[in-house]
Amino acid sequence: MGEENYYLELCERPVHFEKANPVNCVFFDEANKQVFAVRSGGATGVVVKGPDDRNPISFRMEDKGEVKCIKFSLENKILAVQRTSKTVDFSNFIPDSSQLEYTQECKTKNANILGFCWTSSTEIVFITDQGIEFYQVLPEKRSLKLLKSQNINVNWYMYCPESAVILLSTTVLGNVLQPFYFRAGTMSKLPKFEIELPAAPKSTKLNLSERDIAMATIYGQLYVLFLRHHSRTSNSTGAEVVLYHLPREGACKKLHILKLNRTGKFALNVVDNLVVVHHQDTETSVIFDIKLRGEFDGTVTLHHPVLPARSIQPYQIPAAGPAPVTSQSPVPCKLYSSSWIVFQPDIIISASQGYLWNLQVKLQPIVNLLPDKGRLMDFLLQRRDCKMVILSVCAQMLTESDRATLPVIATVFDKLNQEYKKYLDAEQSYTMAMEAGQSRSSPLLRRPVRTQAVVDQSDMYTHVLSAFTEKKETPHKFVVAVLMEYIRSLNQFQITVQHYLHELVIKTLVQHNLFYTLHQFLQYHVLSDSKPLACLLLSLESFYPPAHQLSLDMLKRLSTANDEIVEVLLSKHQVLAALRFIRGIGGHDNISARKFLDAAKQTEDHMLFYTIFRFFEQRNQRLRGNPGFTPGEHCEEHVAFFKQVFGDQALMRPATF
């Protein structure tokens with residue numbers, strides 16, 4: 001299978017750590033995304049590696065028994081280690097502070113600590129089988145202060161560091177989940193909710209396993225994902241993933257069901273707001289996008305995989321050791337290995353091989369796997385690095401071999417411009433709020449982020465349309481239709497069309513002698529008026545004489561442009577036309593004679609020069625009773641030129657009464 005068929009891949013630069021063995025224990029901290037390799041209880045060294053820091057942290061600690069859990073606080077300030085079911089030990093990693101360990105025992109009598117989570121650089125939560133204890137760590141005093149605690153029977157717990165929510169499994173069956181939210185020294189209890197088990201359980205033992213639950217942020221919202229191995233409805237075969245939306249306020253609601261249509265061992269990741277479900281038996285994965293339209297049954301939306309199941313792209317493990325020594329070739333990595341452990345959102349760890357990868361989505365292969373262009377656009381517009389892929393899809397659908405129909409092209413343009421308009425509106429609201437001075441009164445006012453989904457006119461022009469219009473083999477009617485479709489879409493979303501798009505249309509029409517169409521487009525204002533467009537039309541006069549008048553009409557409609565019209569006409573040596581225009585609007589008494597005489601002289605048409613010179617003589621006579629030019633008009637050289645060509649006697653004499 002070629003590389004173009006895999007839409008999931010492991011990152012190129014994984015975190016490499018010493019593989020797990022009887023002497024070396026490996027731990028993963030989901031909050032800091034760090035792997036801890038603890039050799040012989042820490043006595044012979046602890047190495048901590050994260051995906052971002054290329055410099056691992058190394059230290060030793062006394063072997064005081066088997067390490068059950070080890071994690072740094074945020075910013076790596078304080079290390080917490082759990083070795084017994086009653087206590088957690090702490091050591092400061094702050095410069096100039098005491099290195100001595102200090103210990104905290106859980107407050108509840110007879111309780112066993114299941115684990116702990118750091119919620120900030122100095123706040124920690126102990127989860128016991130009898131409740132939850134929230135502490136502030138005081139490193140300088142080498143002690144902890146209990147901020148809040150809550151008694152509740154706990155089977156197991158789960159932490160989502162992105163949203164600072166801890167989920168506790170309670171009750172005998174374990175399917176009542178109690179969330180807690182942590183922020184700046186406070187602990188809030190959110191409404192508890194029940195996970196619907198596949199069928200009424202026959203026994204009263206723990207039924208909901210931690211393995212089948214995940215927590216992740218998807219499109220900015222926190223969800224609890226439940227892997228239900230058997231559907232509740234008897235007619236449906238295969239497992240499904242049920243998504244419960246967990247809001248900050250209000251009750252948790254079941255919103256989405258992802259149909260897997262297969263059974264077996266599964267694992268979940270979330271990458272770029274997509275839910276990825278790995279299936280170990282077939283060694284393939286599928287992706288779901290809850291923003292794409294699914295089947296809504298009144299309460300929940302059913303979703304099917306966006307694409308056919310595919311394996312993660314085959315991966316080569318680089319041979320270890322210095323480059324000159326490693327002549328052996330890289331080893332293929334065993335994908336979907338039973339030793340793989342997945343963590344949210346996008347982490348896969350192979351403890352036996354000593355690697356931590358981030359899972360990534362490849363967008364380019366998806367283009368050929370999703371034939372419905374409208375759905376493809378809906379999908380791509382939600383992805384993080386989508387712009388160049390979207391532009392390549394637009395270019396591809398206009399090519400000879402993959403040409404889409406006009407209705408499909410229109411749909412794609414509309415989807416792009418809807419996003420573009422949303423951004424423009426947000427930008428405008430922000431600007432108006434700033435001008436109104438609301439930034440001081442409303443600290444939440446933020447400049448809208450321009451994501452890669454914003455494909456503007458210059459992107460389309462540069463990467464798609466200008467190259468498309470230059471292709472000789474494309475029928476010109478199709479070219480014009482596509483350009484007009486894009487302009488129609490922009491107009492529909494009330495986006496001001498940039499003049500370079502209109503110019504592209506005009507150039508295409510002129511190239512194929514479609515002057516009648518051009519005339520109609522201008523007459524019915526299909527192409528919006530603009531000064532650059534009017535100038536372009538003036539330059540077309542030699543091919544198409546009516547363009548001159550069309551251009552003047554356009555400039556007149558722009559009303560502010562009288563001076564500019566004169567400048568444009570003079571620059572095109574249209575001196576008489578400029579004079580007629582200025583007379584038509586009654587401005588001929590105030591214009592500079594010198595400017596017109598300069599332009600007339602440049603044409604090297606003596607009769608034209610004579611006509612213009614005579615016009616200004618008559619104006620002088622009418623305004624001042626004398627045809628001569630005043631020194632302030634700086635026309636001496638033109639008077640001399642007139643005399644040289646036509647003789648003194650041709651000058652007008654002052655009228656005598």
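Among Val645, Leu597, Val575, the one residue that satisfies the side-chain contact (heavy atoms from CB on, under 4.5 Å) test with Phe609 is Leu597. Residue His256 is tested with His304, His303, His245 for a ring pair (Phe, Tyr, Trp, His ring centres under 6.0 Å); the sole match is His303.
For the residue pair Arg383 and Thr451, no side-chain donor N or O sits within less than 3.5 Å of a side-chain acceptor on the partner. A donor and an acceptor atom, one from each side chain of Arg614 and Gln618, are nowhere located under 3.5 Å apart. Defined by atom type and a distance below 3.5 Å, a donor-acceptor pair is missing between the side-chain atoms of Gln602 and Asp598. Checking Glu503 against His499 by side-chain atom types alone, a donor-acceptor pair falls below 3.5 Å. Under the 3.5 Å distance criterion, with hydrogens and angles disregarded, no donor-acceptor pair is assigned to the side chains of Ser489 and Asn491. Side-chain N/O atoms of Ser285 and His278 include a donor and acceptor closer than 3.5 Å.
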Worksheet entry | Worked verdict on Glu427 versus Arg446 for salt bridge (charged side-chain N to carboxylate O under 4.0 Å, His left out) | CA-CA 10 Å; Glu427 185 72 43; Arg446 287 214 182 95; over 6 Å; no
Item to complete: Go through the steps for Thr284 and Arg262 under the test side chain to side chain donor-acceptor pair (under 3.5 Å), then give the verdict.
Response: CA-CA 12 Å; Thr284 57; Arg262 48 177 53 169; 3.1 Å; yes
Worksheet item: side chain to side chain contact (heavy atoms under 4.5 Å, CB included) between Val454 and Leu424: does it pass, once the steps are laid out?
Response: CA-CA 9 Å; Val454 179; Leu424 291 175; over 6 Å; no
Practice prompt. Could you go through the side chain to side chain contact (heavy atoms under 4.5 Å, CB included) check for Phe478 and Ile409 one step at a time?
Written response: CA-CA 11 Å; Phe478 180 66; Ile409 292 167; 3.8 Å; yes
Discussion item. Leu579 vs Val566, test: side chain to side chain contact (heavy atoms under 4.5 Å, CB included). Steps then yes/no.
Written reply: CA-CA 8 Å; Leu579 204 48; Val566 172; over 6 Å; no
Practice prompt. Could you walk me through whether Phe613 and Phe641 pass ring pair (Phe, Tyr, Trp, His ring centres under 6.0 Å), step by step?
Written response: CA-CA 11 Å; Phe613 192 89; Phe641 179 71; 9.4 Å; no
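Using bins of under 30°, 30° to 60° and over 60° for the plane-to-plane angle, the ring pair His606/Phe646 lands in the perpendicular bin.
Counting non-hydrogen atoms of other residues, nucleotides and ligands closer than 6.0 Å to CD of Glu400 gives a total above 12. Counted within 6.0 Å of NZ on Lys471, heavy atoms from surrounding residues, nucleotides or ligands total more than 12; the atom is thus considered enclosed. Within 6.0 Å of the CZ atom in Phe296, the count of heavy atoms belonging to other residues, nucleotides or ligands exceeds 12.
Under a 3.5 Å cut-off, the side chain of Ser592 and the backbone N or O of Lys595 do form a donor-acceptor pair. Remark: the backbone N or O of Ile218 is not paired with any side-chain donor or acceptor of Gln221 at under 3.5 angstrom. Judged by distance alone, the side chain of Asn273 and the main-chain N or O of Tyr219 form a donor-acceptor pair under 3.5 Å. A donor-acceptor pair under 3.5 Å is absent between the side-chain atoms of Asp346 and the main chain of Asn269, judged by distance alone. Without hydrogens or angle criteria, Asp402 side chain to Gln396 main chain gives no donor-acceptor distance under 3.5 Å. Gln382 places no side-chain N or O within 3.5 Å of a backbone atom of Leu292 that could act as its donor or acceptor partner. Side-chain N or O atoms of Gln452 include one that pairs as donor or acceptor with a backbone N or O of Cys386 at under 3.5 Å.
Counting heavy atoms from C-beta on, the side chains of Ile347 and Leu356 come closer than 4.5 Å. Counting only heavy atoms from C-beta outward, the side chains of Arg248 and Ser163 approach each other to under 4.5 Å. Contact annotation: the side chain of Gln457 approaches that of Val497 to within less than 4.5 Å [non-hydrogen atoms, C-beta and beyond]. Proximity of Ile290 to Tyr223: side-chain heavy atoms (C-beta onward) are separated by under 4.5 Å at one or more points. Contact of the Leu258 side chain with the Glu240 side chain is not registered, since no non-hydrogen atoms from C-beta on lie closer than 4.5 Å. Looking only at side-chain heavy atoms (C-beta outward), Leu243 and Val241 come within less than 4.5 Å of each other. Using a 4.5 Å cut-off on side-chain heavy atoms (C-beta onward), Leu380 and Leu370 make no contact. Counting heavy atoms from C-beta on, the side chains of Thr299 and Lys253 never come closer than 4.5 Å.
The two residues Arg557 and Asp529 make their nearest non-hydrogen contact at NE-OD2, 2.6 Å. Of all the heavy atoms in Gln316 and Pro332, the pair that sits closest is OE1-N, 3.8 Å. For the pair Leu537 and Ala547, the tightest heavy-atom approach, listed with the atom from each and the gap, is O-CB, 3.4 Å. Closest non-hydrogen pair, Ile287 versus Phe379, comes out as CD1-CZ, 4.0 Å. Among all heavy-atom pairs drawn from Lys259 and Pro305, the shortest one is O-CD, 3.6 Å. Thr411 and Gly374 make their closest contact through CG2-CA, 4.4 Å (heavy atoms, listed as atom of the first residue, atom of the second, distance).
In this structure, the separation between CD1 on Ile487 and CD1 on Ile495 is 12.5 Å, given to the nearest 0.5 Å. Remark: Asp272 CG to Asp385 CG distance equals 7.0 Å, nearest 0.5 Å. Annotation: the span from Leu8 atom CG to Ile312 atom CD1 amounts to 6.0 Å, rounded to 0.5 Å. In this structure, Met377 CE and Asp414 CG are separated by 12.0 Å, a value rounded to the nearest 0.5 Å. The CZ atom of Arg619 sits 12.0 Å away from the CZ atom of Arg583 when rounded to the nearest 0.5 Å. From Leu363, atom CG reaches atom OG of Ser392 across 9.5 Å, with rounding to the nearest 0.5 Å.
If you look at Phe615 and Phe596, their ring centroids are not closer than 6.0 Å.
Here Arg310 does not pair with Glu9 in a salt bridge; the nearest charged N to carboxylate O distance is not below 4.0 Å. A salt bridge links Lys601 and Glu637; the closest N-O separation between the charged side-chain nitrogens and carboxylate oxygens is under 4.0 Å. A salt bridge does not link Lys291 to Asp378: none of the charged nitrogens lies less than 4.0 Å from a carboxylate oxygen. A salt bridge links Asp425 with Lys421: the distance from a Lys NZ or Arg NE/NH1/NH2 to an Asp or Glu carboxylate oxygen falls below 4.0 Å.
Every pair passing ring-ring contact (aromatic ring centres under 6.0 Å, His included) that includes a residue from residues 388-432 is listed here, sequence neighbours excluded: Phe413-Tyr486. Sorted by first and then second residue, the salt bridge (Lys or Arg N to Asp or Glu O under 4.0 Å) pairs involving residues 457-468 (not counting sequence neighbours) are Lys387-Asp459.
By the ring pair (Phe, Tyr, Trp, His ring centres under 6.0 Å) test, Phe515 pairs with Tyr544, sequence neighbours left out.
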